[in-house]
Structures are given as C-alpha cells and as structure tokens.
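A quick write-up on the structure given underneath.
Read the numbers this way: they start at 1 and go in the same order the structure lists the ligands and their atoms. Starting from 1, each residue takes its place in the sequence as its number. All of these numbers come straight from a predicted model, not from anything done at the bench.
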Amino acid sequence: MRTSACGLDCYDACEIIYDNGKIGGNLCSVVHNQLPNTPRITKPTIDGVEVTMQEALDAISLDKNSLLYRGSGNVGVMNDITNLLFERLGATTTKGSLCDGAGEYGIEEGRGFNSVVTPRSINKAEVVVVWGRNISTTNSHLMPYLKGKKLIVIDPVKTTIAKKADIHLQIKPRTDFYLALLLARFSTMQDLQKDTDIADIEEFYEFTREFRIKSILAHIGVEINDISQTIDYLSSDKVVYLVGLGVQKYSIGDSVLRAIDGLAITLGHFNRDGCGVSFLGNSKLGLDNIFAIKGKKVSKVDTEFEKFDTVLIQGANPAHSMPNTNRVVESLKKVKNLVYFGLYKNETSKLAKIVIPAQNFLEKDDVRLSYSDYSIKKMNKINDCDYGISEYDFTKYMIDRYDLEDIKSQNEYIDLWLNQSRDKIEDIEEFEFIDDFYDDFENIKRFRKVRVKKEDIDSRYYLITPKATNSINSQFKRVDNILIHSKSGFRDGDKIKIKSEYGVLESIIKIDDTLREDCIVVKANHSGVNKITPPLISQEGDSACFQEVRVDLY
Ligand SMILES: Nc1nc2c(c(=O)[nH]1)N[C@H]1C(S)=C(S)[C@@H](COP(=O)(O)OP(=O)(O)OC[C@H]3O[C@@H](n4cnc5c(=O)[nH]c(N)nc54)[C@H](O)[C@@H]3O)O[C@H]1N2
Ligand SMILES: Nc1nc2c(c(=O)[nH]1)N[C@H]1C(S)=C(S)[C@@H](COP(=O)(O)OP(=O)(O)OC[C@H]3O[C@@H](n4cnc5c(=O)[nH]c(N)nc54)[C@H](O)[C@@H]3O)O[C@H]1N2
Ligand SMILES: [Mo]
C-alpha cells in the first residue's frame with residue numbers, strides 16, 4: 001500500500017491511498033472518474049506531425065527572449081522547477097494571478113500575512129459564515145466540519161450549501177465590500193465590538209460611517225431584517241468566515257477581503273480557536289520558497305505573448321482560462337514558437353507549434369503543499385507513463401542542452417521541500433483597517449467610452465462565473481449551458497448569444513428560478529466563457545477581474 005496526494009488545484013489537497021493497483025481514499029468524482037477516463041496526449045508533435053520526444057525537445061529554441069507561462073494544472077511544487085531554467089536563460093516569467101491575487105493582497109495589507117483557519121479550528125466554531133465560496137463543489141471535504149453549526153451563506157446564487165443555511169444573504173454581486181462595512185457599523189452601534197490593542201476599532205467605525213446606510217441597503221439588495229438577524233448570529237463568541245474566490249473577481253478584490261477582515265477584528269473573531277477569516281491561504285506560508293526567482297516578469301492577466309520568440313505554456317490553458325479570449329488567441333497565434341507542455345488537447349494545444357506530453361501527478365514524485373491546512377505531503381509516483389516527460393526531466397534536458405549551470409537531483413529538491421519545518425504561524429499582532437476606497441465600476445464614465453446609455457447598463461446582467469462540479473477549471477468535463485431566471489423571458493433550451501464589450505459567447509439557456517433576476521451564471525468550464533470577460537487588472541494584487549463586466553443577451 002502506498003500513499004500520495006492529489007495534485008489538482010483545489011482547497012482539499014486530498015491524501016491518496018494506492019492499494020493493489022487501485023486508487024482509494026476519500027476522493028472526489030473528478031479523481032475517481034474524470035482523471036482516469038480523459039484521453040491524454042501521448043505523442044509529441046511538431047506542426048501536427050508526430051515526432052520522437054528528443055526531436056520535439058530539440059526543436060524548442062530557448063533564449064533570453066523566451067517566456068514561461070505556467071498555470072495551475074498541477075500544483076505540486078516540482079512544477080516550479082522550470083523557473084530555474086528560465087532564470088539561467090535570463091528569460092521572462094509571469095507575475096500576478098488568474099486566481100486569488102487581489103484578495104490575498106488585501107489580507108496581507110491588513111494582517112501582514114495570509115493565514116487560514118485549519119479544519120481542526122473550524123470544528124470549534126459556533127457559527128460559520130460561507131462567503132462567496134461554493135463549499136460543496138470546490139471544497140467538499142470541508143462539509144463534515146460544518147455539521148451542527150449555525151450557518152450563514154452570503155452568495156448571489158442559491159448554492160447547495162445556501163439551501164442548507166440558517167441565513168442566506170442572496171446579495172447583488174460585487175456588493176460584499178459594502179455588506180462587510182454595514183455589518184461592522186451596525187455591530188459597533190449595538191456595542192458588540194471587542195476592544196483590542198492590535199487595531200483601532202473606533203477609527204474603522206468612523207470609516208464605515210462615510211457610507212450611507214439607505215443607499216447601501218438598496219445597492220446590496222437585502223432586507224434590514226436579514227442584516228439584523230445576521231448580526232445576532234455574528235455576536236457569537238466563535239465565528240469562522242470561509243471566504244472564497246467569488247467575492248474578489250473584481251478590481252476592488254483587495255478591499256473586499258480587507259473589509260471582511262475588518263468585520264472579524266471588530267467582533268473579536270481572531271487569534272482564537274474556532275475564530276478567524278480563511279481565504280485561499282498561501283501554501284508556502286512559513287516555508288522557504290526554493291524555486292523563487294528574480295528576473296523579468298510580465299502580467300499573467302493581459303500577457304502580450306507576441307512579444308516573445310518562444311513561449312512555453314506549462315500546465316496551463318490560457319486560450320480558455322485567461323480573460324478576454326479573443327485577444328489572447330490572436331496574441332498566441334502571433335508567436336513563432338509556441339510550445340504546449342501538458343496532458344490534454346485543449347484550446348491552447350491546438351494553437352501550438354510544438355506539443356510535449358507531460359506526466360500527470362500520479363506518474364512522478366513531488367510534494368503537495370496545502371493552501372487550507374498547512375500540511376506538507378509527499379506525492380509518490382504510482383503509475384508509469386513512458387510517453388510523457390516530467391517537469392524535472394524537461395528542465396534537466398534543457399539545462400544540459402544549453403550548457404547552463406547545473407541543477408541538483410530531483411530527490412535533493414524534494415527533500416529540501418519535505419525537510420523544511422514551517423515557521424510557527426503567529427497570531428495577528430497588528431491590524432491595519434482599510435481607510436480608503438475607490439471604485440469606478442458603477443461610474444457611468446466607464447461605459448461612455450463604449451457609447452452605452454445608463455438605461456442600457458442597468459438592464460444588463462451581472463456575470464457570475466464560478467467553478468463546476470465535474471471539472472477542475474478547464475480540465476475534464478465541459479458545460480454548454482448558462483443559468484438564468486425565468487423572468488428573463490427565455491425558456492429552457494433557447495439558443496442565445498451573450499454579449500459584452502469584449503466579445504460574444506453562444507450558449508443554451510437553462511432556467512433556474514433560485515437565481516437573482518439580475519444575474520446569469522456561466523461556469524468556468526463553459527467553452528469560450530472568457531470571450532466575454534474583461535482583461536482588466538485588479539487595483540491591487542495584479543489579478544484577473546473575471547466578473548467586472550455586465551452582459552446583454554439576445
Ligand atoms: N470541483 C471543482 N473544485 C475546484 C475547482 C474546480 O474547477 N472544480 N477549482 C479550484 C480552484 S483553482 C479554486 S481557485 C477554488 C475556488 O473555489 P471557490 O472559492 O468556491 O470559488 P468559485 O467557485 O469561483 O465561486 C464561489 C462562489 O462565489 C459566488 N459569487 C460569485 N460572485 C459573488 C459575489 O460578488 N459575492 C459573493 N458573496 N459571492 C459571489 C458564486 O456564486 C459561487 O458560489 O476551487 C478549487 N476547487
Ligand atoms: N471564467 C472563468 N475563468 C477562470 C476562472 C473562473 O472561475 N472563471 N478561474 C480562474 C482560476 S481560479 C484559475 S486557478 C485558472 C486556471 O486555469 P489554468 O491554469 O489554465 O488551469 P487548467 O484549466 O486546469 O489547465 C491546466 C492544463 O494543465 C495541464 N496539466 C495538468 N497537470 C499537468 C502536469 O502535471 N504537468 C503539465 N506540464 N501539465 C499539466 C492539463 O493539460 C490542463 O489542460 O483559471 C482561471 N479562469
Ligand atoms: Mo484558482
């Protein structure tokens with residue numbers, strides 16, 4: 001019997017048990033069903049013609065004018081080994097995030113570091129607030145920890161977990177910042193704030209008073225009674241806030257997380273078991289990042305691929321996953337030597353000149369760090385794959401070929417990760433409340449540029465683009481429908497076009513009357529979803545803003 005850990009990009013970082021040729025352990029259907037049944041790329045190709053691995057590798061020309069674009073197809077730490085190759089070449093890598101960068105920035109501004117509440121501590125909470133996180137889909141192994149607790153869900157969508165909640169605040173999208181401020185303000189007005197010497201609560205209260213209650217309530221779209229009941233729950237001693245990606249797919253994402261932190265600090269929900277705000281933490285917190293490199297970096301959100309002679313796409317599907325697909329595809333098409341290094345055929349592999357089959361996370365040794373419980377797990381090779389190459393072997397081959405400064409052996413790197421002990425995750429010793437906020441999304445000026453009338457904006461739908469059940473991002477299953485309320489006038493099965501100022505997406509209607517009437521849901525695994533999303537970069541944290549857009553249907 002051997003053990004390993006799941007390398008898919010997910011909160012859970014599950015342990016895998018391998019017994020008598022079978023994968024076991026408490027795993028999700030993606031790992032049990034999708035992973036073994038999804039066809040792989042088994043042959044290296046150049047211009048679509050099958051070649052040997054050596055021919056394909058030798059056809060890749062790397063120099064200082066090359067770009068490494070890595071995604072999160074496998075989040076084992078050894079994937080980052082390619083950094084060392086690009087550092088030695090003096091070439092370019094990326095900065096920023098398609099994922100949690102904005103929220104993380106806000107948390108670090110307030111607390112100094114991006115810590116999480118571990119499942120053991122969540123277990124001790126009396127009240128759990130699930131805020132913009134679709135737990136039953138994206139983090140399902142946490143479900144048992146929520147049993148028997150009072151549950152508040154804040155989500156514009158009536159998710160599975162929202163259906164089970166004691167309170168569901170079905171707010172208008174992108175209003176979480178105001179909601180957090182309002183809750184903090186009302187709590188203080190009811191004298192529920194907890195004095196502390198790590199922060200100036202009075203000053204935060206003054207800041208929350210800069211926003212008008214009546215207009216905020218109307219903007220958020222919930223009743224005052226719901227707010228009062230929520231505050232009643234939040235007055236509990238032990239409250240954990242599980243915040244997800246949903247609240248921060250916007251330019252103001254940093255401010256949202258900082259405001260939610262501010263609410264928890266106001267109510268004394270920190271530095272104790274059963275308390276705290278948990279976002280997508282930092283899996284390397286308290287560890288030495290062996291593969292961190294300096295050098296030139298370009299944004300991951302609006303990358304100008306055409307500026308590079310060679311682009312190596314590793315473990316990523318930018319032609320699907322990046323915002324503003326029409327621009328991304330045009331840009332990728334202009335790259336002379338586009339190399340795709342991955343497992344599956346997808347939108348990006350189709351555009352590549354050279355395709356290198358990779359090994360999946362069951363086919364190589366690695367280390368999995370978790371971004372939700374600080375565990376460090378060894379990933380052991382369980383299956384053989386004779387047609388793909390590992391990131392380590394790829395890197396080593398190129399280092400030798402270009403006669404660059406040698407790297408250590410794979411096992412030495414793995415041991416360097418495994419043998420580190422994490423610095424103790426300290427309590428928050430000082431907290432900086434947010435004291436400044438700027439937002440121009442609702443501002444008419446933004447739309448004037450594209451000549452849209454105010455009335456037309458108000459009639460547009462908010463776009464919600466969350467994760468789907470039988471896929472991990474663009475890997476595995478795809479969906480081909482969108483969800484909308486029947487008040488829209490559409491019917492099940494209607495063919496429609498969704499239009500934003502960035503592009504048009506074709507889809508099929510599925511009616512869902514648990515949605516808000518002003519929203520549509522297009523899952524992250526819908527083919528072409530990002531044709532309609534904006535290439536904007538968040539105010540802080542260099543993050544994508546997938547939901548900073550309003551769309552029309554016709
Ligand atoms: N099955 C599965 N699991 C996954 C993934 C996957 O693709 N599939 N992807 C993994 C990855 S890479 C990540 S980053 C995580 C992310 O996992 P989550 O943090 O759960 O993120 P999302 O699914 O994007 O969205 C979460 C929720 O936010 C809600 N939401 C949308 N807009 C708003 C808003 O303005 N305010 C509020 N309060 N809520 C809003 C959505 O309705 C949704 O229910 O999941 C990981 N786990
Ligand atoms: N509309 C919309 N867009 C989104 C999101 C959203 O919620 N909505 N979510 C965003 C988020 S949070 C994220 S994290 C990104 C994710 O976007 P990407 O980083 O593009 O991740 P995937 O779509 O999972 O594609 C990863 C590819 O990696 C390859 N791969 C898997 N394992 C390995 C391996 O071990 N080695 C190598 N070399 N390749 C491997 C597979 O072939 C797979 O096609 O998408 C973002 N895009
Ligand atoms: Mo992500």
Side-chain angles (χ1 to χ4, degrees), residues 7-12 28-30 38 40-41 69-76 78-79 82 97-100 103 130-140 153-162 169-176 179 242-250 256 279-280 300 313-323 325 340-349 356-364 366 371 388-391 394 462-476 515 519 521-526 529-530 532-533 543-544 546-547:
L8 296 176
D9 184 359
C10 167
Y11 293 94
D12 290 348
C28 66
S29 72
V30 171
T38 304
R40 297 270 294 273
I41 296 176
Y69 191 98
R70 184 172 45 239
S72 61
N74 172 350
V75 292
M78 288 305 289
N79 286 282
T82 44
S97 158
L98 300 184
C99 187
D100 59 342
V130 176
W131 202 326
R133 182 146 147 188
N134 190 7
I135 302 254
S136 58
T137 291
T138 60
N139 189 192
S140 58
V153 172
I154 305 171
D155 200 307
V157 176
K158 203 158 201 65
T159 54
T160 304
I161 185 106
L169 297 179
Q170 194 165 9
I171 61 173
K172 191 192 278 185
R174 209 181 178 283
T175 59
D176 303 85
L179 175 63
L242 303 174
V243 186
L245 217 60
V247 305
Q248 61 96 66
K249 295 179 184 182
Y250 306 109
V256 178
F279 182 53
L280 289 88
K300 230 181 150 170
I313 308 281
Q314 178 204 339
N317 184 10
H320 169 92
S321 308
M322 282 174 77
T325 304
Y340 172 81
F341 180 22
L343 301 178
Y344 311 115
K345 282 195 185 144
N346 58 28
E347 290 84 347
T348 308
S349 71
I356 308 283
Q359 297 179 343
N360 76 16
F361 69 85
L362 296 166
E363 297 163 346
K364 57 200 173 196
D366 205 333
Y371 53 81
I389 186 169
S390 72
E391 283 65 25
F394 176 91
Y462 286 92
L463 172 68
I464 298 183
T465 175
K467 310 299 185 188
T469 309
N470 286 312
S471 74
I472 293 289
N473 300 315
S474 76
Q475 303 187 62
F476 317 120
L515 288 186
C519 296
V521 174
V522 187
K523 298 268 169 73
N525 66 343
H526 189 301
V529 51
N530 286 313
I532 52 173
T533 59
S543 233
F546 291 104
Q547 296 184 174

Tell me the contacting part of [X] for ligand 2: side chain, backbone, both, or neither, using a 4.0 Å heavy-atom threshold, strictly below.
| X | result |
| --- | --- |
| T533 | neither |
| E391 | side chain |
| Y344 | both |
| L245 | side chain |
| V529 | side chain |

Decide whether N470 and S29 meet the rule of one side-chain donor and one side-chain acceptor closer than 3.5 Å.
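Distance-only check passes for N470 and S29.
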Will you find, in the side chains of T82 and Q314, an N or O donor that is under 3.5 Å from an N or O acceptor?
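Yes, because at least one side-chain N or O of T82 sits under 3.5 Å from a partner of the opposite role on Q314.
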Any [X] heavy atom less than 4.0 Å to ligand 2:
| X | value |
| --- | --- |
| Y340 | yes |
| Q359 | yes |
| M322 | no |
| K523 | no |
| H320 | no |

Atom of H526, atom of H320 and distance for their closest heavy-atom approach
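Minimum heavy-atom contact is O-CE1, 3.3 Å.
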Can you tell me if K172 has a non-hydrogen atom under 4.0 Å from ligand 1?
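Distance cut 4.0 Å: K172 fails for ligand 1.
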Out of curiosity, is Y250 lining ligand 1, as in a heavy atom under 4.0 Å away?
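In this structure, Y250 qualifies as a contact of ligand 1 - some heavy atom is under 4.0 Å.
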Heavy-atom nearest neighbour in the protein, as seen from [atom], with distance rounded to 0.1 Å:
| atom | answer |
| --- | --- |
| atom 33 (C) of ligand 1 | G246 O, 3.2 Å |
| atom 46 (C) of ligand 1 | D9 O, 3.6 Å |
| atom 37 (C) of ligand 1 | D176 OD2, 3.4 Å |
| atom 19 (O) of ligand 1 | Y11 OH, 2.6 Å |
| atom 40 (C) of ligand 1 | P156 CD, 3.3 Å |
| atom 23 (O) of ligand 1 | K467 N, 3.0 Å |
| atom 8 (N) of ligand 1 | S471 O, 2.7 Å |
| atom 32 (N) of ligand 1 | Q547 NE2, 3.0 Å |

Nearest non-hydrogen atom to atom 41 (C) of ligand 1 belongs to which of D155, T175, V157, N473?
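The option holding the nearest heavy atom is D155.
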For ligand 1, find out whether one of its N or O atoms is nearer than 3.5 Å to an N or O atom of [X].
| X | value |
| --- | --- |
| C99 | no |
| G244 | no |
| A468 | yes |
| T138 | yes |
| T137 | yes |

Look only at interatomic distance and state if [X] has a nitrogen or oxygen under 3.5 Å from any nitrogen or oxygen of ligand 2.
| X | answer |
| --- | --- |
| F546 | no |
| Q475 | yes |
| N360 | no |
| P466 | no |
| L343 | yes |

Below 4.0 angstrom from a heavy atom of A358, which ligand 2 atoms are there? Numbered from 1 as shown, please.
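So the answer, numbered in order with elements, is 36 (N), 37 (C), 38 (N).
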Contact atoms of ligand 2, heavy-atom distance to N530 under 4.0 Å:
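With N530 as reference, the close atoms of ligand 2 come out as 1 (N), 2 (C), 3 (N).
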So, using salt bridge (Lys or Arg N to Asp or Glu O under 4.0 Å) as the criterion, who are the partners of K300 when residues are at least two apart?
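Here no residue qualifies.
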Applying ring-ring contact (aromatic ring centres under 6.0 Å, His included), name anything that partners F341, two or more places apart in sequence or on another chain.
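Scan of F341 (ring-ring contact (aromatic ring centres under 6.0 Å, His included), adjacent residues dropped) gives F394.
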Is it the side chain, the backbone, both or neither of T159 that has a heavy atom closer than 4.0 Å to ligand 1?
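For T159, only side-chain atoms sit under 4.0 Å from ligand 1.
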cation_pi(R133, Y11) dist<6.0 Å, angle<=45:
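Yes, R133 lies over the aromatic ring of Y11.
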